[in-house]
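Worksheet for the structure shown next.
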Amino acid sequence: MNKTIKKSIFITILTLMTIVMAVILVGCNKVDKKLQSMQNNISYFNNQMLVGEDSNFYVEVVDGSREKTLIADGEVGEMAEYCTINVTPINLDMTNRVLTFKLTGENGVYEGSLEKSIIGINYNANVEEPQKLGTLKNVTIALGEQKFEYNLSSINANGIDYKKAVESVYNNCAEDLESMFDGNTFKSEVYIKISCDRSKNPKEYFWFVNVVENSDNMFCVLIDMQTGEVIAKKHR
């Protein structure tokens, strides 16, 4: 085979490879744009959850970002960061009592009162400007002169983050999401939070993803926090 023919074959192969790679990249870019659009339409998310507990209280400290005005209208409004502390009495003698808390971080302390929920036995409070506290270390719950201190540990430090959870929904629930895309544009909004099954010992934590087009079209998915596997899904 002479040099001219070899060169011609080489150029042909190189051209075909270039075309194939271009097709693959176009396909990848299309998927990336759709996923990016979905991840950009998150109206509420938990970034991390820190927990502590004993036989008296179960404590959660959760931070993230959410719409300033939460409306299930399929659109993302102005966002704001938030941090909340949620306290559930384990010892029933601790219910319906006046509770305060002190949240300690590496750079400071935040103190406040816990407000009892209208429904249920749990208490909660907002933490203002949590970034000033730095990395959170522990929380103390006070009931009169009694004090209960809890070291805080992250339950999702070694698991997938909220964006990976949304990516899992995107990859595994394509048919369910089909009507919520207009081309590459996601025309709904996503609410995602950490959900806890406190009936288990040790407790099990999941990502709960709620995809909302409007009040009549919602799609809920439960994601394994460690593996990203879809555990359950339901339209409502």
Side-chain angles (χ1 to χ4, degrees), residues 44-64 66 82-106 110 112-127 130 133 135-169 172-173 190-210 220-234 236:
Y44 179 100
F45 68 85
N46 295 159
N47 186 49
Q48 72 167 342
M49 177 185 284
L50 306 173
V51 300
E53 68 175 310
D54 62 10
S55 59
N56 292 298
F57 295 104
Y58 168 68
V59 182
E60 298 175 342
V61 180
V62 185
D63 67 35
R66 63 190 175 194
Y82 70 90
C83 179
T84 61
I85 177 171
N86 308 301
V87 178
T88 302
I90 304 300
N91 181 349
L92 294 182
D93 290 337
M94 302 298 177
T95 59
N96 298 315
R97 310 293 290 272
V98 177
L99 302 176
T100 60
F101 73 95
K102 181 174 73 174
L103 186 60
T104 302
E106 61 181 352
Y110 184 92
S113 298
L114 288 160
E115 182 177 345
K116 188 177 183 301
S117 299
I118 297 175
I119 300 175
I121 63 172
N122 60 303
Y123 295 75
N124 55 70
N126 291 320
V127 179
L133 301 178
T135 302
L136 300 178
K137 300 296 185 180
N138 59 69
V139 61
T140 300
I141 306 300
L143 170 59
E145 296 299 317
Q146 291 181 285
K147 289 182 171 42
F148 309 88
E149 185 173 333
Y150 303 90
N151 292 324
L152 297 171
S153 59
S154 174
I155 60 89
N156 59 316
N158 298 319
I160 63 172
D161 64 13
Y162 71 96
K163 283 195 172 184
K164 284 293 184 181
V166 172
E167 183 176 351
S168 176
V169 174
N172 294 291
C173 305
V190 180
Y191 298 83
I192 177 166
K193 66 178 183 177
I194 298 170
S195 179
C196 174
D197 184 350
R198 292 196 290 112
S199 67
K200 300 293 181 66
N201 188 21
K203 295 176 177 61
E204 292 186 359
Y205 296 87
F206 311 91
W207 284 110
F208 178 77
V209 184
N210 190 14
C220 304
V221 189
L222 202 62
I223 301 292
D224 186 292
M225 183 168 284
Q226 300 303 316
T227 66
E229 178 187 359
V230 173
I231 299 172
K233 61 180 182 177
K234 182 179 180 181
R236 63 175 185 174

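Note that the coordinates shown come from a computational prediction; the quantities given were computed from them, not determined experimentally. Scope of the values below: all heavy atoms of this structure, side chains included, with no hydrogens, waters or symmetry mates.
A donor atom on one side chain and an acceptor atom on the other are not found under 3.5 Å apart for Ser55 and Asn91. Of the N and O atoms on the side chains of Asn124 and Thr84, not one donor lies less than 3.5 Å from an acceptor on the other residue.
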* **Evaluation steps, side chain to side chain contact (heavy atoms under 4.5 Å, CB included), between Val87 and Phe101** => CA-CA 10 Å; Val87 178; Phe101 73 95; over 6 Å; no

* After noting the C-alpha distance and the side-chain angles of Cys196 and Glu60, does the key distance pass the side chain to side chain contact (heavy atoms under 4.5 Å, CB included) rule? -> CA-CA 10 Å; Cys196 174; Glu60 298 175 342; 4.3 Å; yes

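Note: Asn47 CG to Ile194 CD1 = 8.5 Å, rounded to the nearest 0.5 Å. Atom CG in Asp54 sits 11.0 Å away from atom CD in Glu149 (nearest 0.5 Å). Between the OG atom of Ser154 and the CG atom of Asn156 there is a distance of 4.0 Å, given to the nearest 0.5 Å. To the nearest 0.5 Å, atoms CD (Gln146) and CG (Leu99) are separated by 10.0 Å. Note that the CG atom of Asn46 and the CG atom of Asp63 stand 8.0 Å from one another [nearest 0.5 Å]. From Ile141, atom CD1 reaches atom CG of Leu114 across 5.5 Å, with rounding to the nearest 0.5 Å.
Counting heavy atoms from C-beta outward, Ile155 and Met225 have side chains that approach closer than 4.5 Å. Looking only at side-chain heavy atoms (C-beta outward), Ile160 and Ile223 come within less than 4.5 Å of each other.
Aromatic ring pairs are classed by plane angle as parallel below 30°, tilted from 30° to 60° and perpendicular above 60°; the pair Tyr150 and Phe57 is perpendicular.
Of all heavy-atom pairs spanning Arg97 and Tyr123, the tightest one is N-OH, 2.8 Å. Taking both residues in full, the closest heavy atoms of Gln226 and Asn158 are given as OE1-O, 3.5 Å, listed atom of the first, atom of the second, then distance. Between Phe206 and Asp197 the shortest heavy-atom distance is CE1-CB, 4.2 Å. Minimum interatomic distance between Asn122 and Pro89 (heavy atoms only, all atoms of both residues): CA-CD, 4.2 Å. Across every non-hydrogen atom of Arg198 and Tyr58, the tightest pair is CD-CE2, 3.3 Å. Smallest separation of non-hydrogen atoms from Leu103 and Leu133: CD2-CD1, 4.1 Å.
Within 6.0 Å of CD on Glu115 lie no more than 12 heavy atoms contributed by other residues, nucleotides or ligands. Heavy-atom neighbours of Lys203 NZ from other residues, nucleotides or ligands within 6.0 Å: above the threshold of 12. The environment of NZ in Lys116 is crowded: more than 12 heavy-atom neighbours from other residues, nucleotides or ligands sit within 6.0 Å.
Of the residues listed (Val221, Val209, Val169), the one engaging Val230 in a side chain to side chain contact (heavy atoms under 4.5 Å, CB included) is Val221, and it is the only one. Of the residues Val127, Leu152, Val51, the one that meets the side chain to side chain contact (heavy atoms under 4.5 Å, CB included) test with Val139 is Leu152.
Between Tyr44 and Tyr82, the gap from one ring centroid to the other is short of 6.0 Å.
With hydrogens and angles disregarded, a donor-acceptor distance shorter than 3.5 Å links the side chain of Glu106 to the backbone of Thr135. A donor-acceptor pair is defined here as one N or O able to donate and one able to accept, closer than 3.5 Å; no such pair exists between the side chain of Thr95 and the backbone of Ile121.
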